[in-house]
Every structure is written in structure tokens, then in C-alpha cells.
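Structure first, then comments.
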Amino acid sequence: MTSSTIPPWAALDIPTETPTIPAPPVAADILAGLNPGQRQAVTCTAGPLLVLAGAGSGKTRMIVNRIAWLIREAGAAPEEIFAVTFTNKAAGEMRERVAGMIGMAASRLWIGTFHATCARLLRRHGSLLGYSERFIIYDDKDQISLLKEILREMNIADAVLRAETVRAVIDDAKNKGRDSRRFADRAATFQDKQLATIYQLYQERLLACDAMDFGDLLLQTVRLFTDHPEVLEDCRRRFRYILVDEYQDTNEVQYRLLALLASEHRNLCVVGDDDQSIYSWRGARLKNILDFEEDYPEATVIRLEENYRSTQKILAAANRVIAQNRERKGKDLWTRNPEGELLGFHIAADEYDEARFLVRQIRESGRDYADVAVFYRTNAQSRVLEEVIGQAGIPYTIVGGFRFYDRAEIKDLLAYLKVINNPRDAVSLQRIINTPPRGVGKKSVEAVRQWQSGEETGFLDAAREWAVSAVGGGTAAARRAVGELATLLDDLHARRDNLLPSEILKQVIAATGYVDWLLEGSESRHQGESKKENVEELINALATWEQGADAPDLGAWLEDIALVSAPDRRDDDHLARVTLMTLHSAKGLEFPLVFMVGMEEGLFPNRNCLHRDADLEEERRLCYVGMTRAREKLYLVACRSRRFQGARLDNKPSRFLFDIPRELIEVETGGSAGPPPYRRRFAGGGSAAASAGAAAKVRQSAPSTAETTAASVPAAGRGAYPVGSKVEHGVFGPGVVAAVEGAGDDTKLVVIFRDRGRKKISLRYARLTRC
DNA sequence: AGAACGTTCATTTTT
DNA sequence: TGAACGTTCT
């Protein structure tokens with residue numbers, strides 16, 4: 001029997017409760033077309049299992065079939081299976097594919113990201129921890145607002161401790177499973193103790209706002225399990241089979257959650273690739289996957305090393321790059337695919353030239369735009385690419401970057417909805433208390449805050465009371481305005497269960513004159529119109545969501561949009577557009593034609609990662625991830641010169657290029673409009689970048705751009721180091737002057753160092769030479 | 001209270 | 001280079 005005998009929709013008409021599910025296909029169906037390793041991974045259902053799944057090794061297919069196998073052959077009920085994915089989109093796709101094999105029962109599976117699943121548990125049981133079931137999820141911007149407030153109150157100057165720094169510290173602590181108390185216990189230095197105080201205060205504020213940040217979703221779940229064993233017991237019993245995808249990117253808290261859930265039945269299957277661990281900055285621990293066999297000594301280990309995605313040449317190049325790493329289990333991907341074309345390689349003059357090269361190659365390739373992807377290391381690189389590609393008339397889509405939900409007008413309206421959903425959300429209320437402007441300035445906001453402190457009330461309660469109070473400061477106009485706002489929010493809060501969320505949104509817009517304010521306040525008509533369109537798009541998005549939801553609830557929608565990731569937001573692929581995204585967003589995807597741009601020292605590997613081996617290895621993994629996305633053709637592109645933070649830098653080709661054997665590479669001249677052909681210079685052997693480096697060097701001695709020309713520079717004083725001049729620092733090494741401040745003895749230079757980034761240098765003390 | 005100006009910082013990646 | 005913030009001015 002083949003899978004086509006039972007179409008995916010066959011079971012859809014059958015109610016979930018009805019036991020008359022279509023006759024289960026025989027086991028061969030699930031295993032058909034799988035290689036021996038995949039088969040073993042699918043059928044090995046008892047005990048811990050580690051599947052080391054190389055890039056393009058058919059991992060998703062294996063997971064889907066395993067779930068089907070568990071249900072059909074191992075007698076598991078769908079609700080006993082808990083599958084963790086890295087993105088919500090992956091979760092949705094997985095559920096769909098399982099549904100194609102087992103039908104409607106798939107809707108009873110627990111599939112989701114750690115964050116989404118934890119949020120679900122916390123909504124149910126959060127009251128045990130003091131949160132309501134409607135708690136709000138704060139994103140990093142909300143975190144920073146709250147922390148800024150706290151720092152202000154503690155009279156800690158921005159120069160001493162930045163909110164962003166504190167946020168990173170707290171995040172890191174949470175990823176490691178440290179709550180504010182444990183953090184305080186380990187704090188030894190003055191600064192750590194100060195941070196501990198802030199952490200604690202921050203946590204109290206979150207609770208008062210009925211809010212959790214991303215880290216809390218995980219950490220509070222651990223707390224829930226530890227403090228309330230009956231909940232843990234319940235979950236343990238429920239989740240008899242646990243499956244974790246992208247295990248190499250799990251952090252310490254996630255590790256502990258899994259240990260808590262799986263310690264009894266030990267049916268824990270983790271799937272991952274140590275060579276694709278790229279989220280250490282988010283707390284991911286490579287150790288989790290490297291040590292799995294120690295954590296679970298009875299574990300079965302399966303390696304999937306046959307690649308079904310890329311050509312032999314692409315794979316060979318990627319293998320050589322990743323082979324340089326030490327912290328890895330070690331594996332070699334192989335493929336039965338054709339040998340394929342050589343990797344394309346190009347050095348552009350600057351970032352605009354780089355973008356033009358893309359345009360030419362994309363056109364020449366004659367491919368569908370949807371087949372093409374461009375990967376870069378940092379979001380900032382997308383601006384020029386967008387500009388040039390867009391002007392060339394090539395349709396493109398950007399994954400991640402400046403997000404729709406980050407736009408000011410969207411955040412404003414979301415803040416209204418958040419307060420209506422949960423009146424304790426003080427951060428959101430402060431955002432909208434004077435937006436659109438209603439005469440409530442800093443003083444009045446401060447007065448409301450004063451009013452609140454002392455009482456155990458929410459911020460909206462405080463605002464309402466303040467508005468009608470006889471004392472408490474503030475102008476009469478401000479009080480009236482706050483009173484009106486409170487009435488509006490109260491009213492919509494009271495009716496939130498009887499109104500569709502989109503209706504609530506429309507009423508907010510109508511009552512506040514929000515769109516009118518947008519149109520008046522914008523610099524240009526065009527800008528105003530664009531913002532108005534965004535608002536309309538928000539209403540549409542919400543209305544669309546309502547149609548798909550069985551019980552359209554404002555809180556549920558707010559949670560959904562809080563937990564979507566950049567890859568989640570990717571348009572469906574059928575659109576004929578070139579895809580632009582960061583290397584991080586590219587994980588898990590594949591494209592026939594891939595360009596990796598900005599392959600330069602300092603950018604990729606990034607200058608911030610040059611000083612620690614572990615960081616450098618992660619950059620290398622990132623490179624490996626990017627390369628293994630390509631099915632048929634891969635281009636690697638670098639620039640000789642690039643503008644960075646206002647200064648123009650001359651970069652060397654990335655060290656990763658040096659790892660690729662010369663014979664796998666073909667140097668592209670970029671067509672007639674490009675720089676002179678380098679091909680001749682590559683006659684010899686050696687690695688690609690050795691040649692590339694030579695080429696770059698040759699070019700560097702050629703006439704340079706206006707910014708770096710020394711001709712117009714005065715000979716003495718501060719003029720000795722004009723903007724754009726290259727310098728060498730005794731400690732920081734080579735760099736470029738980005739700005740000059742002050743004069744005479746007091747002159748300070750802003751220098752971008754190749755390996756250390758931006759630094760401010762006092763000319764009086766610095767050991768600096770011009771070169 | 002709100003606009004306009006100046007200063008400062010950042011760019012590594014994001015659930 | 002540019003956004004985001006804080007200060008000053010109206």
C-alpha cells in the first residue's frame with residue numbers, strides 16, 4: 001500500500017472522538033523510501049535516542065515518520081507525544097505532515113516551540129506562581145523600558161550601567177536557570193550585587209505588571225515544576241514520548257526542563273547536529289548535545305550522514321570548512337547527487353558593487369526568483385542590497401530585520417490592546433498614556449506613578465484614581481484626558497469577551513483618532529499614508545487570524561504574535577521573490593541558488609568573535625550552515641572595501657574562504673561592468689582565498705577612494721589623522737579613523753579597529769602611528 | 001507640552 | 001552612517 005491510497009484529507013471528515021479511523025496502513029508504508037539509519041531512528045521507540053542528523057539528511061522526514069510510527073506501531077496516543085521544534089512554523093509544518101500520515105488525530109499532538117509550550121502550561125497553572133492566566137509576554141524592548149525606569153529610580157546613570165547591558169545579564173542568568181535569588185547568592189563584586197538588586201526589582205515589577213519575558217517562560221516553568229510536584233507529575237505522565245529537534249541549540253533551562261520531564265520513562269529522543277549550533281549568544285549549550293551519551297548512558301546513537309540536498313562540490317567545500325573546528329563529534333556528509341558546478345567566487349570593489357554583482361548573476365542564472373537566496377552576517381548589510389536589488393526591479397523579500405510588529409504605529413496599537421487585555425500592563429499603558437498626544441506630559445505621568453506607589457494597584461487603577469483625585473498634582477486638562485482614556489480602556493476591557501478583537505482594535509482607533517493623528521503628524525503625505533496602510537494591515541492580520549481561530553480571544557492573539565520568530569514570518573515560498581536573510585534565519589531552509597555575501601574578516605567572522613576560540617568556531621558553524629543551504633550553486637562574495645559605522649574599511653577576505661580547496665572554485669569576474677578580470681592571477685594552486693587575498697592586495701595598492709586619500713590632509717596637529725586615515729595602535733592593532741573630536745592636546749579619535757571594533761582614542765596618550 | 005536641535009552609540013546573530 | 005536619546009528652545 002502506498003501513501004497515495006489514503007489521501008491526507010481522508011480522515012478529516014471523521015470526528016476526533018470516533019474510533020473508526022481508517023484502517024492503519026501497514027508498517028512498510030512508514031518506512032518506505034527511508035535509508036537504514038532513518039529506519040532505525042524511526043523504529044527505535046524505547047529509551048533515550050540521539051540522532052545526529054547532518055544538514056540535508058532527511059531529518060524532518062525522519063521525525064514525522066517517527067511520530068507516525070509511535071502512534072501506529074508503538075501504541076502511543078497522540079496526546080502522549082510532545083515534540084519541540086525551533087520555530088512555530090516548523091511546528092505547524094510538522095503537524096501538517098503528520099496529519100497527512102495519521103489524519104486528524106495529529107491535532108492532539110503537543111507540537112510547538114519550548115516557549116510556546118511553556119506559555120501554554122503557565123497560562124494553565126501560572127496562578128500557582130502569582131500570575132494570572134492572561135499574563136503578558138514582554139519582548140526585549142519592553143524589558144528595556146522597564147529596566148530604564150528602574151535604573152532611573154535607582155539613580156544609576158546611563159554611563160554607569162546601560163539598560164541594554166542589564167537586560168543581557170538578566171537574560172543570560174535566566175538562560176542558565178538562575179533566578180534573582182540565586183543570582184544574588186553568587187554575586188561577589190559590587191557591580192554584581194548591584195545587578196542582583198536590579199534583577200530582583202525587575203522581577204517584582206514584572207509580577208506587578210502580570211508580565212513575563214522570554215526567559216521567564218522557561219524559567220518560571222522550571223519553578224512551576226519544582227515548587228509544584230503535582231504539576232510535574234501530571235506532565236510526566238502525559239508526555240510519555242518526548243522528541244526535541246535542533247537539540248544543539250537548547251540552553252541550560254531547556255535541558256533541565258527535559259530532564260525533569262523525561263527522568264522517569266526516559267523516552268527522550270533528541271535530534272540535532274553539533275556542527276549547526278549557532279545560538280550560544282542566546283544561551284545555547286553545545287555541551288547538551290556533546291554530552292548526551294554521558295547524561296543518558298543507555299542511549300542509542302544514530303548518525304545520518306547521507307545528504308540529499310547539495311551537489312558533491314558544495315558538500316566537499318562545506319566539509320572542509322567545518323573540519324577546522326575542534327569542538328565537534330566529527331562527521332562527513334556524503335551524497336549520491338551529481339558533482340555539480342564549481343562554487344562561484346567574487347571580490348567586489350565595495351558593497352554597492354557587491355549588490356550589482358548579485359543582480360547580474362541572478363539575471364544570468366535565468367532561475368525563478370523564488371529559487372534564489374542571499375545570506376548575510378548582519379542585518380545592517382541588507383540596506384544596500386535592498387536598495388540595489390530593488391532598483392534593478394528584482395522582486396525580493398526580507399526575512400527578519402525591521403519587523404512589522406516593531407513599527408511605532410503598530411506597537412502603539414498593540415499597547416492599547418495589551419492594556420485592554422490586561423490592565424496591569426504598566427509598560428504598555430505608559431506607552432499610550434499620551435499617544436496620540438492628549439496633554440499628558442512627563443510631569444503628569446510621574447504624578448500617576450507617585451499615586452500608584454504605596455497601593456497594591458495596577459497602573460490603570462492608579463491612573464483612574466489619580467484622575468478623579470483632588471490632590472496629586474498635574475493639570476486639570478491632564479486629569480480629564482487620563483480619566484477619559486481610563487474610561488475607554490475600562491469599557492473595552494469589560495466588553496472584551498463580547499467583542500471580536502478586531503472590533504476592539506477598530507474602536508480604539510475610532511475613539512482615539514489614532515489614524516487622523518498619524519496623517520497629521522507625518523513628515524510627508526507618503527509617510528502618513530504608509531503608516532495608515534500598516535494600521536490597515538494590522539486590522540487585516542487580526543481579522544484573518546480570527547477566522548482561523550476556533551475561539552478568537554485577544555489574549556491568544558497577543559501571545560501568538562509575541563512568539564513568532566523571523567523565519568515564522570517568511571512569506572510562503574510560492575511568491576516569485578528573491579529571499580534576503582541573515583545566516584541565522586537561514587537555518588533549516590534550502591535554495592537551489594545561494595549567495596553568501598560579505599565574506600570578509602571582521603564582518604564574517606565578526607570582529608566580536610575573533611578573540612575566543614569558542615566564538616570563532618561558532619562563526620565557522622554559521623558559515624557551514626549557510627553553505628549547506630545550497631542545492632545546486634553557491635556563490636561566495638567579498639568586498640575589498642566596505643562602509644561600516646561611518647568609516648570606510650578595507651577588509652581582507654574571510655579566513656573561511658581559505659579552507660576551500662582551489663579546485664572547487666571558479667572566480668567570477670562579474671561580467672563586463674565589473675572590475676578587471678582576476679582570473680589570470682589564479683593560475684596557480686592553493687586555496688581560493690590565498691589567491692583572493694593576493695588579488696585584494698594588488699588592488700589595495702591601486703588608487704584608493706576619495707575618503708582614504710591622504711592628499712588633502714594638513715601635515716600637523718589633529719589634521720595628522722584625518723577621517724579615513726589608516727592607523728596602527730600599540731594594543732588594538734590596525735584600524736581606520738571614523739571621526740575626530742576635540743582639538744589640540746584634547747583631540748580624541750574615533751577609530752574602528754579591524755579586530756576590536758569601535759574605540760575612542762585620546763591622541764595625548766595613545767600609541768598611534770599612521771600608516 | 002511639544003518641537004527642534006545636538007550628542008551619542010551602534011551593528012552579531014533573536015525565541 | 002543613521003537611529004535613538006537627551007537637552008534646549010519656543
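So that the names make sense, note that chain A is the first sequence line, chain B the second, and so on, each numbered from 1. This one's a predicted model, so the numbers in the text were calculated from it and none came from an experiment. Heavy atoms only: backbone and side chains are in, while hydrogens, waters and symmetry mates are out.
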Measure from the side-chain heavy atoms of [X] and tell me the nearest of [options].
X      : options                : answer
A:P437 : B:dT11, B:dT15, B:dG2  : B:dG2
A:R643 : B:dG2, C:dT1, B:dT13   : C:dT1
A:H584 : B:dT14, B:dT11, B:dT15 : B:dT14
A:H115 : C:dC5, B:dG2, B:dT15   : B:dT15
A:T113 : B:dT15, B:dT12, B:dT14 : B:dT15
A:Q645 : B:dT14, B:dA10, B:dT15 : B:dA10
A:T378 : B:dT12, C:dG2, B:dC9   : B:dT12
A:R383 : C:dG2, C:dT1, B:dT13   : C:dG2
A:D171 : B:dT14, B:dT15, B:dT12 : B:dT15
A:N608 : B:dT14, B:dT15, B:dT11 : B:dT11

(request) Anything under 30° is parallel, anything over 60° is perpendicular, the rest tilted; go ahead and classify A:Y279 against A:F86. (result)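 Ring orientation of A:Y279 relative to A:F86: tilted.
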Rounded to the Å, how far apart are [X] [atom1] and [N] [atom2]?
X      : N      : atom1 : atom2 : result
A:F644 : C:dG2  : CZ    : C1'   : 13 Å
A:L583 : B:dT14 : CG    : P     : 10 Å
A:E351 : C:dG2  : CD    : C1'   : 14 Å
A:L616 : B:dT13 : CG    : P     : 18 Å
A:L219 : B:dT15 : CG    : C1'   : 15 Å
A:W517 : B:dG2  : CH2   : C1'   : 12 Å
A:F375 : B:dT13 : CZ    : P     : 16 Å
A:E619 : B:dT12 : CD    : P     : 10 Å

(message) Suppose you measure atom P in C:dA4 against the same atom in B:dT13; what distance do you get, rounded to whole Å?
(response)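 My reading of the P atoms in C:dA4 and B:dT13 gives 14 Å.
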Which part of the nucleic acid, if any, lies within reach of [X] when heavy atoms closer than 4.0 Å are counted: base, sugar-phosphate only, or nothing?
X      : result
A:F604 : nothing
A:N88  : nothing
A:R607 : nothing
A:K148 : sugar-phosphate

(message) Quick check with a 6.0 Å cut-off and a 45 degree axis cone: is A:R629 positioned over the face of A:F375's six-membered ring?
(response) no
(message) For the residue pair A:R607 and A:F644, would you count it as a cation-pi contact if the rule is NZ or CZ under 6.0 angstrom from the ring centre and within 45 degrees of the ring axis?
(response)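 Yes, cation above the ring, under 6.0 Å and within 45°.
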(message) Tell me whether the side-chain N or O atoms of A:W281 pair up with the base of B:dT12 as donor and acceptor below 3.5 Å, since no angle test is needed here.
(response) no
(message) How close do A:L583 and A:V625 get, counting heavy atoms only, and between which atoms?
(response)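 Between these two residues, the closest heavy atoms are O-CG1, 4.4 Å.
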On the nucleotide [N], are OP1 or OP2 found under 4.0 Å from the side-chain N or O atoms that [X] carries?
X      : N      : result
A:T87  : B:dT15 : no
A:N251 : B:dT15 : no
A:R282 : B:dT12 : no
A:T582 : B:dT14 : yes
A:N379 : B:dT12 : no

(request) Inspect the surroundings of NZ in A:K287 and state if more than 12 heavy atoms from other residues, nucleotides or ligands are less than 6.0 Å away. (result)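 Counting neighbours around NZ of A:K287, 12 or fewer heavy atoms of other residues, nucleotides or ligands fall under 6.0 Å, so no.
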(message) Once rounded to the nearest 0.5 Å, what's the spacing between atom CG of A:N606 and atom CD of A:E618?
(response) 11.5 Å
(request) Could you give me the CA-CA distance, side-chain angles and deciding distance for A:R438 and A:E484, then say whether salt bridge (Lys or Arg N to Asp or Glu O under 4.0 Å) is met? (result) CA-CA 10 Å; A:R438 44 175 77 89; A:E484 278 173 19; over 6 Å; no
